[in-house]
Amino acid sequence: MAYKYNRSMKAVAAGLLVLSLGAASCSKYTELSPKNALPQDAVFSDSSTIELAANGMYNTAALGSYNDDYTLGRGYPFGAASIEQNEMRGEDMVNLATFYDITYKGSYSPTSANNVQMWVNLYALINQANTLIDGVRKAAANNVISQGKALQLEGEARFLRALAHHEAVIHFSRPYADGAGAQVGIPYRDMPVSTPAQIQEALKIGRGTVKEDYTKILADLDFAETNLLPTTANPISRATKGAAIALKTRVKLHMADWQGVITEAAKLGADQSAPFVSPVKGYKLTVSPDGPFTKADNNTESIFSIANSAITNGNSNGALAAMFGPSDQKGRGLVATSPNLYNASFWAGDDMRRVLLQVKQVTVSGGKPVQNFYFNYKYRDYLNKSDWAPMIRYAEVLLNAAEAYARAGNIVQSFKLYNAVRNRSLPEGSPNRITIAPLDMIQAVLDERRVEFAGEGRRWPDITRLALDAKYGTGGIPAKVIIDDLKDDGSNYNTVTRPVTPSGYGSIKYADYRFIWPLPATEISANPALKNAQNPQY
């Protein structure tokens, strides 16, 4: 991290308690000692403030800061912003306004806000995780908390540390598939930064390789799996054993470690037959595909989500409902579902996700429609903006395993997993239910992912991990529909004729420098370890 950001980490670390209470610990990254922050030593000298510090870490994961101001929550790095940015880097949603234009069209720079703020907030979260790890180890040594409690809290922190580093590496580095992880990675920070000596040590950490990052990510998740409980008082919004295992299936999928995915997913029941039920905590698909969203804080399918509330949320510039919602439903109408996804041949016409998780906007001016598009309807609390941000669901574990089994040649098990997810969205007796595996099981699973996870930020991760796949990859960032390609009467959306809307904005090839994000300019200018490590051509 840049010296500017490293100096801020003193403030972030010292302000753990303040952040946990929802107050701003600092307004400027250059601030070393927030006046209203409890000293770090005091935080970790009492069990109650240690728990508040852990809550503060999750609060940072949800909201972060914007332009160095912790009062301007935008959902960085794992609230709304991560989901929205991952969708805008793909082609399954259409950007309708200027809000996401830079991300959507790949015109980002080392100073453009969204990519810079993702970096800043990812590393702020990483530092909070490292500070918590250091603090609970000392607290256990001083008999403030038990060794078991310290290991549990360290497991939670290492889960978030792994999640944050993985998010950074898929945006700022080339995928693992490029040279089996040989490409330049991102700095993997595993020490707290709060003192001048720690800052100097942190400044020595360079980018390393993608493979080194993945090795450390998996080490963190192995520790988390070993030391986390199957459930907690807040089993969806706090890291658990199942969350660590589930995240490992995702990470190993990015590594094309098919057997590794299968092994991890088996711990959660993916080696069974339908109905799939996890031996860990009993995860299972909800009966209806909208179950994880209508009951986001209490359902059988959500493994880990970022909690929001009417009091604590990303506000109108960062809340999921505001970003994805149509204007006639009190959303901002910023991003619509692409008609090319909505009309795709692989999305059955009677699929209940069309009715339950998509909503049609019709706005009228002068007696004529001016915007007649379909929008994602997974997030719908337009008033309070309290929708939880889904990070990983049981459906993903099943589809991760389905792809891995298909890649490994076990079509029978792949089809069972695929059908479990697909069929729960098709009415009983639907002619679109199938009993024989598709000829191309891998493609079927990849298509299903696009439908099942629409609006959940899973499109960019699939684009980057598959970019170099000769048969199933995109070869880069796909061409995208723009608002000028859409007709006001809504005729682009038609599941009978299934028209293909020409994509007005061209693709970005994998070799293009814009395929990955640039490191922030302030990072490059101030951090000696990264001075000559900017991504090429930025």
Side-chain angles (χ1 to χ4, degrees), residues 1-2 4-6 8-9 11-13 19 29 56-70 72-86 88-89 103 108 110 112-133 156-173 184-193 202 205-208 210 213-214 216-217 220-221 239 247 250-251 254 304 306 314 318 389 391-392 457 460-461 464 516-524 526-527 529-530 533 535:
M1 301 180 73
K4 180 181 179 185
Y5 303 146
N6 283 331
S8 75
M9 296 305 100
V12 174
L19 281 174
Y29 275 104
M57 177 180 64
Y58 284 96
N59 188 65
T60 296
L63 298 177
S65 74
Y66 188 74
N67 290 335
D68 300 354
D69 190 340
Y70 280 93
L72 298 176
R74 287 286 183 92
Y76 297 103
F78 290 116
S82 64
I83 290 176
E84 292 150 4
Q85 294 303 313
N86 283 338
M88 289 294 91
R89 297 202 72 185
T103 301
Y108 22 75
S112 50
N114 283 315
N115 45 292
V116 168
Q117 295 300 326
M118 282 296 288
W119 175 279
V120 169
N121 284 283
L122 283 167
Y123 278 100
L125 172 60
I126 289 165
N127 194 65
Q128 281 213 346
N130 289 334
T131 302
L132 185 66
I133 291 167
E156 293 188 58
R158 289 179 72 163
F159 171 85
L160 286 178
R161 185 169 79 182
L163 184 69
H165 279 107
H166 191 248
E167 190 72 11
V169 80
I170 67 172
H171 282 298
F172 296 96
S173 295
V184 64
I186 46 96
Y188 205 96
R189 303 183 70 85
D190 58 5
M191 58 175 288
V193 180
I205 301 174
R207 296 187 66 174
V210 170
D213 288 328
Y214 273 77
K216 292 174 181 176
I217 288 167
D220 274 345
L221 293 176
L247 187 53
R250 178 188 293 176
V251 171
H254 277 259
F304 179 67
I306 295 294
M391 292 292 107
I392 193 161
W460 171 251
T464 185
I516 55 176
W517 277 348
L519 275 60
T522 47
E523 185 80 26
I524 297 301
N527 190 334
L530 301 180
N535 287 328

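Excluded from the calculations below are hydrogen atoms, water molecules and symmetry mates; all remaining heavy atoms, backbone and side chain alike, are included.
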Determine the minimum heavy-atom distance between [X] and [Y], stating which atoms define it.
{"X": "I524", "Y": "A533", "answer": "CD1-C, 4.4 Å"}
{"X": "R207", "Y": "G185", "answer": "NE-O, 2.7 Å"}
{"X": "P110", "Y": "V116", "answer": "O-CG2, 3.3 Å"}
{"X": "A202", "Y": "V193", "answer": "CB-CG2, 3.7 Å"}
{"X": "F304", "Y": "L160", "answer": "CZ-CD2, 4.0 Å"}
{"X": "S173", "Y": "V184", "answer": "OG-O, 3.0 Å"}

side-chain contact (heavy atoms from CB on, under 4.5 Å) between Y214 and V251, intermediate numbers included: CA-CA 8 Å; Y214 273 77; V251 171; 3.5 Å; yes
Rounded to the nearest 0.5 Å, what separation is found between the [atom1] atom of [X] and the [atom2] atom of [Y]?
{"X": "M391", "Y": "F78", "atom1": "CE", "atom2": "CZ", "answer": "7.0 Å"}
{"X": "L122", "Y": "R189", "atom1": "CG", "atom2": "CZ", "answer": "12.5 Å"}
{"X": "M57", "Y": "T131", "atom1": "CE", "atom2": "OG1", "answer": "10.5 Å"}
{"X": "R250", "Y": "I217", "atom1": "CZ", "atom2": "CD1", "answer": "11.5 Å"}
{"X": "Y58", "Y": "Q128", "atom1": "OH", "atom2": "CD", "answer": "12.0 Å"}
{"X": "I133", "Y": "R161", "atom1": "CD1", "atom2": "CZ", "answer": "4.0 Å"}

Short question: side chain of [X], backbone of [Y] - any donor-acceptor pair under 3.5 Å?
{"X": "N527", "Y": "E523", "result": "no"}
{"X": "W517", "Y": "N114", "result": "no"}
{"X": "N127", "Y": "Y123", "result": "no"}
{"X": "N535", "Y": "F172", "result": "yes"}

Partner of D220 under side chain to side chain donor-acceptor pair (under 3.5 Å), chosen from R158, H165, H166: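 Going through the options one by one, the only one that passes is R158.
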Within-4.5 Å side-chain heavy-atom neighbours: V210 and V169: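 Side chain of V210 against side chain of V169, heavy atoms only: contact under 4.5 Å found.
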Heavy-atom side-chain proximity of E167 to P77 below 4.5 angstrom: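 When only atoms from C-beta onward are counted, P77 and E167 do not touch, as no gap falls below 4.5 Å.
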Working for side-chain contact (heavy atoms from CB on, under 4.5 Å), residues W119 and I186: CA-CA 10 Å; W119 175 279; I186 46 96; 4.1 Å; yes
Working for side-chain contact (heavy atoms from CB on, under 4.5 Å), residues W460 and H171: CA-CA 9 Å; W460 171 251; H171 282 298; 3.5 Å; yes
